[in-house]
Amino acid sequence: MPAERAGAAGAIAETGNEIGNVLGTALMGSLAALVFRLAGPGLAPTLGETLQLPGIAPTAAVDAKEAFVAGLHTAVAVLTLLHVGLGALALRWLPQPEKALVPQVPA
């Protein structure tokens, strides 16, 4: 990139970074919420709303908290698999260093 275009290149790189952060947060948050809704007590769509219900049974509160943690664990597991897989791909695609050529000295 020529020096006079460095600002544009930096802006493009930063925009790509921000879009990646937002998409990752949205997708993993949605996955955690989905797991909560599937595994939770089914009283309300979120943990906060479930715990604020009047007269909620203690077992339902515990079930809601456990479902919330299960959703977070699922999101972390997916992210771990993605990071390990992408790390393996990066290592595979990195250029291999040239083997050092040692000059042969005649005996």
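Computed from heavy atoms alone, side chains included, the values below leave out hydrogens, waters and symmetry copies.
Other residues sharing a hydrophobic cluster with V69 under the 4.5 Å side-chain heavy-atom criterion for ILVMFWY residues do not exist; the residue is a singleton. Its side chain within the 4.5 Å cluster rule, L43 clusters with L53, I56 among the Ile, Leu, Val, Met, Phe, Trp and Tyr residues. Cluster note: L91 groups with L94 through ILVMFWY side-chain heavy atoms spaced under 4.5 Å, whether in direct contact or through intervening members.
For A57, the side-chain contact (heavy atoms from CB on, under 4.5 Å) criterion is met by T59, A60, not counting sequence neighbours. Checked against side-chain contact (heavy atoms from CB on, under 4.5 Å), L51 has the following partners two or more places apart in sequence or in another chain: L47, A61, K65. For A67, the side-chain contact (heavy atoms from CB on, under 4.5 Å) criterion is met by F36, A39, not counting sequence neighbours. With sequence neighbours excluded, the residues satisfying side-chain contact (heavy atoms from CB on, under 4.5 Å) with V62 are E66.
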Considering only distance and modelled atom types, tabulate donor-acceptor pairs under 3.5 Å from the side chains of residues 10-35, sequence neighbours left out.
residue, atom, partner, partner atom, Å
T15, OG1, A11, O, 2.8
N21, ND2, N17, O, 3.4
T25, OG1, N21, O, 2.9
S30, OG, A26, O, 2.8

Solution key, residues 78-88 side-chain donor-acceptor pairs under 3.5 Å, sequence neighbours excluded:
residue, atom, partner, partner atom, Å
T80, OG1, V76, O, 2.8
H83, ND1, L79, O, 2.8

